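From a predicted model like this one, the values you see are computed outputs, not experimental measurements.
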There are 2 protein chains.
Amino acid sequence: MNHDQIKLLGAAGLRATQPRVSIARLLFGDGKDRHVTAEWVAEQLDAADENIVLASVYNTLNAFVAAGLLREVHGAERGVAIFDTNTTPHHHFYNEKTKKLTDIPAEAVKVLKLPAAPKGAKTVGCDVIIRVR
Amino acid sequence: MNHDQIKLLGAAGLRATQPRVSIARLLFGDGKDRHVTAEWVAEQLDAADENIVLASVYNTLNAFVAAGLLREVHGAERGVAIFDTNTTPHHHFYNEKTKKLTDIPAEAVKVLKLPAAPKGAKTVGCDVIIRVR
DNA sequence: CTCTCTGCAAAAGGTTTGCACGTCC
DNA sequence: GGACGTGCAAACCTTTTGCAGAGAG
């Protein structure tokens, strides 16, 4: 059912190339929230005989982030990019042992009087990561 | 006045080797809060004619973290380790343009009813990063 | 037909590791 | 003297980039 992915990509302003449709189906096909790495995506595609080079997986995931289809989670593992299919505001537990992320609803964290960000700077994101072990 | 650093290291259970004393003096000598990278530390030492190889700087900084003298800030730049001389609980602004961290007092962020961390897991840290640009 | 994307390989960037030597206690 | 730390170089891993060719519109 690739129609859905093609529409999704079109709506996001991205050309519906074959690799992008495959990755979109993998990530959004069942509507579930996912935290994925580029490596995991490549493995899944491999297992489905849809080989896409790791570099292209990265390019695609970055394009998805730029298009707002995906969100990058900062602060989990250093040096590893983790992408979140849930683009609505929320936060995360990060289990250092299992390296797994778990969602925390945005309402569970309240931010009070923030010191003003340096002049001329505007807030572009807010990551709360509670690390557990 | 290296006496202070030697005492500091001893109290933390670390042998007072020359490189460690140098780095401790650089980081804690004036009691100011600092956010540093391994590269910055190496440069400063270089400039003071106290050459310490980058790998040793990393080893030392990691040792300091393990000993509780230093804290690693997660979630700023991916792939770059940033160490914070302020080990008390607090949070950060991260300016994506200047790549600079700014402190946010812990009291400015209130965490409500957290969903319980996965069974058997205990919280080991909490990083709040507000990214600005 | 043109512009963009992909595959591939190589580079880049930051951090870690292995080993022989030096040093702290 | 014995354990631990350091210097150095090489390895490592994830991510990015450059380029030629393929594909989408």
Side-chain angles (χ1 to χ4, degrees), chain A residues 2-3 5-26 35-43 45-46 49-67 69-70 72-83 96 99, chain B residues 2-3 5-26 35-43 45-46 49-67 69-70 72-83 96 99:
Chain A
N2 287 344
H3 261 199
Q5 331 307 341
I6 292 173
K7 258 199 294 195
L8 183 72
L9 291 170
L14 294 173
R15 283 166 67 165
T17 65
Q18 202 162 318
R20 285 178 180 170
V21 172
S22 293
I23 294 178
R25 192 180 47 223
L26 175 63
H35 305 114
V36 306
T37 61
E39 207 178 30
W40 180 87
V41 171
E43 279 170 12
L45 294 170
D46 249 40
D49 280 318
E50 309 192 66
N51 269 54
I52 300 180
V53 187
L54 193 52
S56 296
V57 172
Y58 274 107
N59 287 338
T60 301
L61 293 177
N62 286 332
F64 282 13
V65 170
L69 295 177
L70 225 45
E72 191 180 340
V73 180
H74 302 93
E77 196 73 6
R78 184 182 60 216
V80 182
I82 299 183
F83 300 91
E96 296 184 342
K99 300 180 189 301
Chain B
N2 287 343
H3 262 199
Q5 331 307 340
I6 293 173
K7 258 200 293 194
L8 183 72
L9 292 170
L14 294 173
R15 281 166 67 165
T17 66
Q18 201 162 319
R20 286 179 180 169
V21 172
S22 293
I23 294 178
R25 192 180 47 224
L26 175 63
H35 304 116
V36 305
T37 61
E39 207 177 28
W40 181 87
V41 170
E43 278 168 13
L45 295 169
D46 249 40
D49 279 319
E50 308 191 65
N51 270 54
I52 300 181
V53 187
L54 192 51
S56 295
V57 173
Y58 274 107
N59 287 338
T60 301
L61 292 177
N62 286 332
F64 282 14
V65 170
L69 294 177
L70 225 45
E72 191 180 339
V73 180
H74 302 93
E77 196 74 5
R78 186 182 57 216
V80 183
I82 299 182
F83 301 90
E96 297 184 343
K99 298 181 189 303

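In this structure, the side chain of A:R20 engages the main chain of A:R15 through a donor-acceptor pair within 3.5 Å. With hydrogens and angles ignored, the 3.5 Å screen pairs no side-chain donor or acceptor of A:S56 with any backbone N or O of A:I52.
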N/O to N/O distances under 3.5 Å, protein versus nucleotides 22-25 of chain D:
unit_1: D:dG23; atom_1: N2; unit_2: A:R15; atom_2: NH2; d: 3.0
unit_1: D:dA24; atom_1: O4'; unit_2: A:R15; atom_2: NH2; d: 3.4
unit_1: D:dA24; atom_1: N3; unit_2: A:R15; atom_2: NH2; d: 3.2

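Taking atom CG of B:N2 as the reference point, atom P of C:dC24 lies 12 Å away to the nearest angstrom. If you take CD of B:E50 and C1' of D:dG7, they are 16 Å apart, rounded to a whole angstrom. In this structure, CG of A:L61 is placed 14 Å from C1' of C:dT6, rounded to the nearest angstrom. Rounded to an integer number of Å, the gap from B:E77 CD to C:dG13 C1' is 11 Å. The separation between A:F64 atom CZ and C:dT6 atom C1' is 14 Å, rounded to whole Å. Between the CD1 atom of A:I23 and the P atom of C:dG7 there is a distance of 9 Å, given to the nearest Å.
Taking only side-chain atoms of A:R20, from C-beta outward, the nucleotide of D:dG7, D:dT17, C:dT6 with the closest atom is C:dT6. Listed nucleotides: D:dT6, C:dT16, D:dG7. Nearest to the side chain of B:N62: C:dT16.
The side-chain heavy atoms of B:L26 and B:W40, taken from C-beta on, include a pair separated by under 4.5 Å. A heavy-atom distance below 4.5 Å is found between the side chains of B:L9 and B:L69.
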*What's the verdict on side-chain contact (heavy atoms from CB on, under 4.5 Å) for B:V73 and B:F83, showing C-alpha distance, side-chain angles and the deciding distance?*
CA-CA 6 Å; B:V73 180; B:F83 301 90; over 6 Å; no
*Could you check B:E72 against A:R78 for side-chain contact (heavy atoms from CB on, under 4.5 Å), going step by step and ending with a plain yes or no?*
CA-CA 11 Å; B:E72 191 180 339; A:R78 184 182 60 216; 2.5 Å; yes
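Remark: A:E43 CD is packed, more than 12 non-hydrogen atoms of other residues, nucleotides or ligands lying under 6.0 Å away.
In this model, the phosphate group of D:dT16 is approached by a side-chain N or O of B:R78 to a distance below 4.0 Å at OP1 or OP2.
When the nearest nucleotides of DNA chain C are assigned to A:N59 and B:A81 by heavy-atom distance, the more 5′-ward of the two goes with A:N59. When each of B:P19 and A:A55 is assigned the nucleotide of DNA chain D bearing its nearest heavy atom, the one mapping closer to the 5' terminus is B:P19.
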